[in-house]
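Computed from a predicted structure; not experimentally measured. Throughout, protein chains are lettered first and strands after them, A, B, ... in sequence-line order, and every chain is numbered starting at 1.
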Amino acid sequence: MERVVMKGCEAIAEAAIRAGCRFFAGYPITPQNEVPEYFSRKMPKVGGVYLQGESETASAAMLYGAGCTGIRAMTSSSSCGISLMSEAIAWMAGANLPVVICNVMRGGPGIGSIQPSQQDYFQATKASGNGGFRMLVLAPSTLQEAVDMVYSAFDLAMKYKNPVLVLADGFTGAMMEPVVLPPAKSEEFLAAERKENEAWACTGRKGAAQRHHLGCGVVPGMATRMPLEEKNKLDFAKYESWKTTEVDYEDYQTEDAELIITAYGVAGRISRSAVDLLRADGYKVGLIRPRKIHPFPEIAFEKLDYSKLRGILSCEMSIPPQYYYDVDAVVRRRTPIATCLRSGGEIISRNAIIEEAKKLYGAK
Amino acid sequence: MEEKIYKRPAGLQDNINGYCPGCFHPGIGKLIMSVMEEFDLLERSVMVDGIGCVASNMSYIGIDELNTPHGRPCAVASAIKRCSPETIVVTYQGDGDLASIGLAETMMAANRGDNISVFFVNNANYGMTGGQMAPTTLMGMKTSTTPYGRNAQEHGYPMHMCEVLNTLTAPSYLARVTLIDVPHIKKAREAVKQAIQHQLDGKGFSMVEFVSNCPTNWGLTPQESIQFIKDKMLPEFPLGEFRNR
Amino acid sequence: MENAILIGGIGGQGVVMFGKILTFTAAEVDDKYVTFFPSYGVEKRGGVSNCYVTISDNPIGAPMADDSNVVVVLNDLAMPKFEKTLVPGGVLFLDSTVCALRPTRTDITVVEVPATEIAREIGSAKVANLCMIGAFIGFTEALPPEKVLETAFSKLGAKHPEMNALNEKAFYRGMEIGKAAKK
């Protein structure tokens, strides 16, 4: 297979186009500007639509509109831009639309900084908008994972009729690394899927027995609303089903480990190499790295043998920590949990992780 | 032999609408649907509703229809039209939706010349939330958030959306109409036809502004509300075609 | 073997291109892993610019390493901070025409390359970058020289094919300096 060197943001856009994404709307914000720029160059060449919104709010509303036509559609932004999109994200979740959103995280809160961070964990996994909806949240740690995850995000969105969030960070967006690109979905496949989606899309009823109505509280394909509680129960059941079908994490050197390092995204890849160096130094250390941070991989922590463990080191580029609380909730004080944190655009340091791990480990 | 000379437009559901007695909303919806029917577009059209009283459309409009976040219909409609150019895409929005929270979306869709038709219902207040001040509220008009009347110093002046959009290059059709009597209703229907025709011809952004009423929040009877439109609204919001190219 | 390289200078000196040429070349070499991470200030022109390139035989965990094996300094602005990131025994390359400062550490190898002077001699100050890359390759042997030149030709020569010959000359002049410094 051919390896190509790409910048993270461009790899994300290219993977989306290969996955059949034919609509993109977005608004400039660092550090993800290469995503819309790439789409604006490539969409005319594949017969897709590129639309620069007048704001993130409008761009997400445009995604809502595109999603209503049954096309594969996406937007991307960064942190405070995602906050502006949260209005339409809640609507798309409420309306069960198959769309993909990418957040290339920068510092926060508010304007924060343009530098990389992982400061949006709660926003991504708990509340990307009002109403308590959930999304599948994919967290790539390498560019290859970013490509593979974006590619699969469109299939997942269609499968579950739900927005899927790819939570990348400014580091992954800006770095370059060789990737193997997946094959482009064929025009025939995309046309057939769109035809199938006419069963619920809002593009004119075209002889259907009843009109289609899309919006919050409506199951796609229905002519009108159902009682909101009934609709919310349906969505809840879907979210619950992900706990058995969509849990995805990397379990690395955990078998005999006496200390677990856990992290996701860019902090995950740095932690992985810290595990290698610690192992080379004689420390029995392993890594749990969620590839999806929602649903959270509780099982990865449940199956640990806590009688053997000296502790868990939770690493993330967020102060205050966020990911840590999900780890804490499943570990339930069965072993001490320490943190290694950076924030404000600072990249988490491998040396610092190693140092904290040794402290927690104690004597070899 | 009896001849049927009037019927409910086929684009409406069989439900009784929930609008207040005397409100122009149902009449406007009926006009739009009768034009859709005349043009044989009921099977290939979608209506994008804003938030406010306009969202009640979902219960009685019979074509494909979607609700959108407050103020975003023009952004949503632009995307639908670009993804599905064969679909006739119309929005239905109130004054708060189109001219306040959604002003950017309205202006930018118009400025891009997106090939959609916008139906804008201007009744000078936020009807659904209880009659608060809108961008189109008249000077001196009392609303639930201008209890002493709208004044320029605090609240500025009514916004004239047809005139504002008429400063842009891209829009192809802009008209302001009302439904106060049969001659005006006929003119209003003609404007709706023009807007849809512009979209069918691929000419770009079209908008019809309906100077409408709100008997409930204005505290007037339906008859009085019509008189109020004649006396107060129309001098502020003159009727006519602002652009037709 | 993991080679963590840090290249620093100011915008316009070709810092990012330096890193990209190494990155694209490494990606062509079958059994190598490589990452590139650029970092600049908010200024669009003339600000501090640097990039991290890591070339490894194993998957790369930290694309922005805490410690560098190699540091390339193209401007005095980068000197004080970057010198500190070197591991003991690391190598620091500097453009001795442009830099007035010299490293203070004694536990590192310093390779002074009068790259800008050589470039001017050859005919264009623009090829100083290739001279520095040549010195880096000559010393570290991190990548095959002919592959590096191929990348340089395809990345730089696409717009300016007339520069290929000058870049090649600068590259080999730099390589000699790098090789000589190794002895």
Engineer: Does any heavy atom of chain A fall under 4.5 Å from the side chain of B:Ile63, the backbone, both, or neither of them?
Structural biologist: backbone

Engineer: I'd like to know if the side chain of B:Glu65 and the backbone of A:His213 have a donor-acceptor N/O pair within less than 3.5 Å.
Structural biologist: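 It does not hold such a pair.
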
Engineer: Determine whether A:Glu54 and B:Arg112 make a side-chain contact, defined as any pair of heavy atoms from C-beta on separated by less than 4.5 Å.
Structural biologist: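 When only atoms from C-beta onward are counted, B:Arg112 and A:Glu54 do touch, with a gap below 4.5 Å.
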
Engineer: Excluding sequence neighbours, so at least two apart, what forms side-chain contact (heavy atoms from CB on, under 4.5 Å) with B:Asn115?
Structural biologist: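 With neighbours one apart ignored, the set is B:Lys81, B:Gln199.
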
Engineer: Write out, in numerical order, the residues from residues 202-211 of chain B with a heavy atom short of 4.5 Å from a heavy atom in chain A.
Structural biologist: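 From residues 202-211 of chain B, none sit under 4.5 Å of chain A.
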
Engineer: To the nearest 0.5 Å, what is the distance between CD1 on A:Ile71 and CZ on B:Arg82?
Structural biologist: 12.5 Å

Engineer: If you look at every heavy atom in A:Thr203 and B:Thr87, which pair is closest and at what distance?
Structural biologist: O-OG1, 2.8 Å

Engineer: Could you tell me whether A:Glu229 atom CD has more than 12 heavy atoms of other residues or ligands within 6.0 Å of it?
Structural biologist: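 For A:Glu229, atom CD is not crowded (no more than 12 foreign heavy atoms under 6.0 Å).
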
Engineer: Within a reach of under 6.0 Å around CZ of A:Phe189, are more than 12 heavy atoms found that belong to other residues, nucleotides or ligands?
Structural biologist: yes

Engineer: Given that the side chain runs from C-beta out, which part of A:Arg194 has a heavy atom under 4.5 Å from chain B: side chain, backbone, both or neither?
Structural biologist: side chain

Engineer: Do other residues, nucleotides or ligands put more than 12 heavy atoms under 6.0 Å from the CG atom of A:Asn130?
Structural biologist: no

Engineer: Looking at A:Lys185, I'd like to know if its NZ atom is crowded, meaning that more than 12 non-hydrogen atoms belonging to other residues, nucleotides or ligands lie closer than 6.0 Å.
Structural biologist: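 Yes, NZ of A:Lys185 has more than 12 neighbouring heavy atoms, counting only those of other groups under 6.0 Å.
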
Engineer: Heavy-atom distance under 4.5 Å to chain B: side chain of A:Ser55, backbone, both or neither?
Structural biologist: side chain

Engineer: Chain B heavy atoms under 4.5 Å from A:Ala73: which part of the residue, side chain, backbone, both or neither?
Structural biologist: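 No part of it gets close to chain B.
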
Engineer: Under 3.5 Å, side chain of B:Arg72 to main-chain N/O of A:Met62, donor-acceptor pair present?
Structural biologist: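 Side chain of B:Arg72 to backbone of A:Met62, a donor-acceptor pair under 3.5 Å: no, none is there.
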
Engineer: Could you tell me which portion of A:Ala25 (side chain, backbone, both or neither) has an atom closer than 4.5 angstrom to a non-hydrogen atom of chain B?
Structural biologist: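 When you check distances to chain B, no heavy atom of A:Ala25 falls under 4.5 Å.
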
Engineer: So which part of B:Ser45 gets closer than 4.5 Å to some heavy atom of chain A, the side chain, the backbone, both or neither?
Structural biologist: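 Interface part for B:Ser45: backbone (N, CA, C, O).
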
Engineer: What part of A:Ala95 gets within 4.5 angstrom of chain B, counting heavy atoms only: side chain, backbone, both, or neither?
Structural biologist: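 Neither the backbone nor the side chain of A:Ala95 comes within 4.5 Å of chain B.
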
Engineer: With a sphere of 6.0 Å drawn around NZ of A:Lys206, does it hold more than 12 non-hydrogen atoms of other residues, nucleotides or ligands?
Structural biologist: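 Check passes, neighbour count above 12.
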
Engineer: How would you list, by chain and number, every residue that makes a side-chain contact (heavy atoms from CB on, under 4.5 Å) with B:Ala55, sequence neighbours excluded?
Structural biologist: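 side-chain contact (heavy atoms from CB on, under 4.5 Å) check on B:Ala55 returns B:Asn67.
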
Engineer: List the atom of A:Ala61, the atom of B:Val76, and the distance in Å for their closest heavy-atom pair.
Structural biologist: O-CG2, 3.3 Å

Engineer: If every non-hydrogen atom of A:Thr69 is compared with every non-hydrogen atom of B:Cys83, which pair is closest and at what distance?
Structural biologist: OG1-CB, 3.6 Å

Engineer: Looking only at heavy atoms, which two atoms of B:Thr68 and A:Trp91 are closest? And how far apart?
Structural biologist: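 For B:Thr68 versus A:Trp91, the nearest heavy atoms are O-CH2, 3.0 Å.
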
Engineer: At a heavy-atom separation under 4.5 Å, does B:Ile88 approach chain A through its side chain, its backbone, both, or neither?
Structural biologist: neither

Engineer: Checking A:Cys202 against chain B: side chain, backbone, both or neither under 4.5 Å from a heavy atom?
Structural biologist: both

Engineer: Give a yes or no on whether A:Tyr27 atom OH has more than 12 heavy-atom contacts from other residues, nucleotides or ligands under 6.0 Å away.
Structural biologist: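 At most 12 heavy atoms, drawn from other residues, nucleotides or ligands, come within 6.0 Å of this atom.
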
Engineer: Looking only at atom types and distance, does a side-chain atom of B:Asp64 sit under 3.5 Å from a main-chain N or O of A:Arg211, one as donor and one as acceptor?
Structural biologist: no

Engineer: Could you pull out all residues at least two apart from A:Pro220 that satisfy side-chain contact (heavy atoms from CB on, under 4.5 Å)?
Structural biologist: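 With neighbours one apart ignored, the set is A:Asn96, A:Trp200, A:Leu214.
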
